[in-house]
Amino acid sequence: MEMPAPSTHVLARKEQIVARLKEVLPTNAVISDENQTRAYECDALTAYKCPPLCAILPANTAEVSAALKVCHEMGVPVVPRGSGTSLAGGALPTADCVILGVAKMNGVIETNYADRYIKVQSGRTNLSVTGAVEAEGFFYAPDPSSQLACAIAGNIAMNSGGAHCLKYGVTTNNLMGVTMVMMDGTIVDVGGAHLDAAGLDVLGVICGSEGQLGVVTEATLRILHKPEGARPVLMGYDSAETAGQVVSDIIKAGILPVAIEYMDEMLIGVCEEFSGAGYPECEALLIVEVEGSEAEIDDQLARIKTIAAKHNPVELREAQSPDEAARIWAGRKAAFSAIGKISDYMCLDGTIPVSSLPYVLKRIGEMSKHYGLGVGNVFHAGDGNMHPLILYDANKPGDLEICEAFGAEVLKLCVEVGGCLTGEHGVGIEKRDLMTVQYDPADLEAQMAIKDVFDPDWLLNAAKVFPLASSEPRRAA
């Protein structure tokens, strides 16, 4: 992936920039030692690395504002960073940038159970939001696989989803308001403790903007009453096409499970060895979970199992206890870690119409043979959010380039069948040069015009999302 050349003018002023930042931030909040900045040289797309000029760790909105004012005055690029779990290179630095990490901003500001919202600092991890309210019988619905580590800031930047988004939606459906700091240090509040704000949907623009428009420091999130209960059923099939048809039939029957997850043969074996979840040997595995009262669960699962049985499953198993339910989910939740134990990989997240699942899975298998790289498929089947994991050897010359070409073909296929380039990981640098596959020049111009309004000097995460050739005139201005 090409990145723009760093500004030699900015690099030459490193000592001056660091000194100015130390004037407005606590000394221990500014990291400029080259060895220490290597901790910020990449995110979860580890194939690409570049140590930043320096990193800063402000503790509140006021400190973020003060730091951004300095960077704006000095013309220093800034890359916002949550927990660094981005799989699309969204937090990849450039050599002349300041990494602005929100890890210290992890507090709970307000909790309101009557109106069902919680206000948190944006560095708080996804899972700990639920942790703050579960004693009162509430939870925060979006649940990315990295929820133990990923920050709310990154969830908002990439509009993250998760296994249960089929029923509860993704981040944008659970975000009520934000406090955001503009590149010039201006602090703005958008939305708040109500479901819909009046006027233009500015919050909808901010959610999913990948750190292009401002730095979100606080977020008001919708919390929900925990369901009375939940129960998964596991079903194995001897072909991907059959499993895809089962998913389609469940949706067509008007049943809305809380989650429908898919794993192929490779992932089944790898996850079973990693977690001991008790998965069967088969070509395709589905995990379907429903929730509600015991009567609701029994009724929904009976209908789902009737549909599943018509397609001759290798195994059809309903969890009979909380322990069995946890084991069924254990392998799926560990999928990325399990693959990472045996190989380098690139994880994609294109989306497709559910009806196209069988065809797309077949084509990905054909591409795997063509490129000579293994691929494991795990994804949110209910809403067609694909997660092909392409395996490669980072130490083998040329393997990464082959992997990138393979990934580009998969994402082009997603758009071809009526889907899109990204479901929840974002564009970052990974899909930046594929944006022209989904959008024509007028579409891209309209998107860049929005950035012009929020960040006229293009200092925030400027080498991401938009093809470099399209954005170069603005970045060079």
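All heavy atoms count here, side chains included; hydrogens, waters and symmetry mates do not.
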Problem set entry | Option from Ile99, Ile17, Thr37, Asp96 for which side chain to side chain contact (heavy atoms under 4.5 Å, CB included) with Leu53 holds | Ile17
Exercise. Do Asp184 and Thr186 have side-chain atoms, one donor and one acceptor, less than 3.5 Å apart?
Worked result: yes
Problem set entry | N/O donor-acceptor pair under 3.5 Å between Ser86 side chain and Ala88 backbone | yes
Problem set entry | Side-chain donor or acceptor of Arg13 paired with backbone N/O of Met74 under 3.5 Å | yes
Exercise. After noting the C-alpha distance and the side-chain angles of Leu57 and Leu25, does the key distance pass the side chain to side chain contact (heavy atoms under 4.5 Å, CB included) rule?
Worked result: CA-CA 9 Å; Leu57 299 173; Leu25 296 173; over 6 Å; no
For this session: For Gly423 and Asn385, work out which heavy atoms get closest and say how close.
Result: CA-ND2, 3.9 Å
Exercise. Side chains of Ile118 and Tyr140: closer than 4.5 Å at any heavy-atom pair?
Worked result: no
Problem set entry | Point-to-point distance, once rounded to the nearest 0.5 Å, from CZ of Arg116 to OG1 of Thr111 | 15.0 Å
Problem set entry | Atom pair CG (Leu421) and CD (Gln438), whose distance is rounded to the nearest 0.5 Å | 4.5 Å
For this session: Would you confirm whether Asp43, through its side chain, and Thr85, through its main-chain N or O, come within 3.5 Å as a donor-acceptor pair?
Result: no
Problem set entry | Pair Tyr439, Gln447: side-chain N/O donor-acceptor within cut-off below 3.5 Å | no
For this session: Hey, could you give me the CD/OG1 distance between Gln147 and Thr130, rounded to the nearest 0.5 Å?
Result: 7.0 Å
For this session: Using modelled atom types only, decide if a donor and an acceptor are shared between the side chain of Asn461 and the backbone of Gly90 within a distance under 3.5 Å.
Result: yes
For this session: Taking the side chain as every heavy atom from C-beta outward, state whether Glu294 and Arg231 have any pair of such atoms under 4.5 Å apart.
Result: yes
Problem set entry | Ile260: which of Val288, Ile287, Asp383, Ile255 passes side chain to side chain contact (heavy atoms under 4.5 Å, CB included) | Val288
For this session: Could you give me the CA-CA distance, side-chain angles and deciding distance for Phe138 and Tyr113, then say whether ring-ring contact (aromatic ring centres under 6.0 Å, His included) is met?
Result: CA-CA 8 Å; Phe138 286 79; Tyr113 296 110; 5.1 Å; yes
Exercise. Once you round to the nearest 0.5 Å, how far does CG of Asp457 lie from NZ of Lys451?
Worked result: 10.0 Å
Problem set entry | Side-chain donor or acceptor of Lys14 paired with backbone N/O of Ser32 under 3.5 Å | yes
Problem set entry | Positive for side chain to side chain donor-acceptor pair (under 3.5 Å) with Asn155, one of Thr125, Asn126, Thr171 | Asn126
Problem set entry | Sub-4.5 Å side-chain heavy-atom contact between Phe454 and Met183 | no
Problem set entry | Full working for side chain to side chain contact (heavy atoms under 4.5 Å, CB included) between Val79 and Val98 | CA-CA 6 Å; Val79 173; Val98 170; over 6 Å; no
Problem set entry | Any residue meeting salt bridge (Lys or Arg N to Asp or Glu O under 4.0 Å) with Glu445, in chain and number order, not counting sequence neighbours | Arg474
Exercise. So which heavy atom on Ile304 is nearest to which on Pro257, and how close?
Worked result: CD1-CG, 4.3 Å
For this session: Answer yes or no: is there a side-chain heavy-atom contact under 4.5 Å between Lys333 and Asp143?
Result: yes
Problem set entry | Shortest non-hydrogen contact between Pro388 and Val375, atoms and distance | CB-CG2, 4.0 Å
Exercise. Do Gln212 and Trp458 have a side chain donor and acceptor closer than 3.5 Å?
Worked result: no
For this session: Check whether any side-chain heavy atom of Lys341 sits under 4.5 Å from a side-chain heavy atom of Phe274, and report yes or no.
Result: yes
Exercise. Counting distance only, does the side-chain N/O of Asp264 pair as donor-acceptor with the main-chain N or O of Asn377 below 3.5 Å?
Worked result: yes
Exercise. Given Thr422 and Asp349, is the side-chain hydrogen bond (donor to acceptor under 3.5 Å, both in side chains) satisfied, shown in steps?
Worked result: CA-CA 5 Å; Thr422 178; Asp349 77 315; 2.7 Å; yes
Exercise. Atom CD1 of Ile352 and atom CG of Leu413: how far apart are they, to the nearest 0.5 Å?
Worked result: 7.5 Å
Problem set entry | Presence of salt bridge, Glu41 and Arg38, under 4.0 angstrom | yes
For this session: Check whether the side chains of Glu424 and His387 place a donor and an acceptor atom closer than 3.5 Å, and report yes or no.
Result: yes
Exercise. Passes side chain to side chain contact (heavy atoms under 4.5 Å, CB included), Val133 versus Glu136? Steps please.
Worked result: CA-CA 6 Å; Val133 298; Glu136 299 296 324; 5.7 Å; no
Problem set entry | Closest contact, heavy atoms only, Ile390 versus Cys403 | CG2-SG, 3.6 Å
Problem set entry | Heavy-atom pair of closest approach, residues Ala381 and Val247 | O-CG1, 3.6 Å
For this session: Would you please say whether a donor-acceptor pair under 3.5 Å links the side chains of Glu289 and His164?
Result: yes
Exercise. Do Glu416 and Val437 pass the side chain to side chain contact (heavy atoms under 4.5 Å, CB included) test, and can you show the C-alpha distance, the side-chain angles, and the key distance before you say yes or no?
Worked result: CA-CA 9 Å; Glu416 178 187 313; Val437 174; over 6 Å; no
Exercise. Do any N or O atoms from the side chain of Arg475 and from the backbone of Leu468 form a donor-acceptor pair under 3.5 angstrom?
Worked result: yes
Problem set entry | Any side-chain donor near an acceptor of the partner, Glu218 and Thr61, under 3.5 Å | yes
For this session: Return yes when atom CD1 of Ile109 has more than 12 non-hydrogen atoms of other residues, nucleotides or ligands closer than 6.0 Å, and no otherwise.
Result: yes
Exercise. Hey, is Glu324 close enough to Arg327 for a salt bridge, meaning N to O under 4.0 Å?
Worked result: no
For this session: Using only heavy-atom distances, determine whether the side chains of Arg222 and Asn174 contain a donor-acceptor pair under 3.5 Å.
Result: yes
Exercise. Is the backbone N or O of Pro456 less than 3.5 Å from a side-chain atom of Asp452, with the two atoms forming a donor-acceptor pair by type?
Worked result: no
Exercise. Quick one: does Ser128's side chain have a donor or acceptor within less than 3.5 Å of a partner on Arg124's backbone?
Worked result: no
Exercise. Taking all non-hydrogen atoms of both residues, which atom of Val258 and which atom of Leu166 are closest, and how far apart?
Worked result: O-CB, 4.0 Å
Problem set entry | Side-chain donor/acceptor of Lys464 to backbone N/O of Glu210, under 3.5 Å | no
Problem set entry | CG on Leu400 to CG on Asp344, rounded to 0.5 Å | 9.5 Å
Exercise. Heavy atoms, side chains only, cut-off 4.5 Å: are Leu87 and Leu45 in contact?
Worked result: no
For this session: Would you check if there is a donor-acceptor pair between the side chains of Thr179 and Asp189 at a distance under 3.5 Å?
Result: yes
Exercise. Do Val102 and Thr217 come close enough that some side-chain heavy atom pair is under 4.5 Å?
Worked result: no
Exercise. Does the side chain of Val378 come within less than 4.5 Å of Tyr262's, by heavy atoms?
Worked result: no
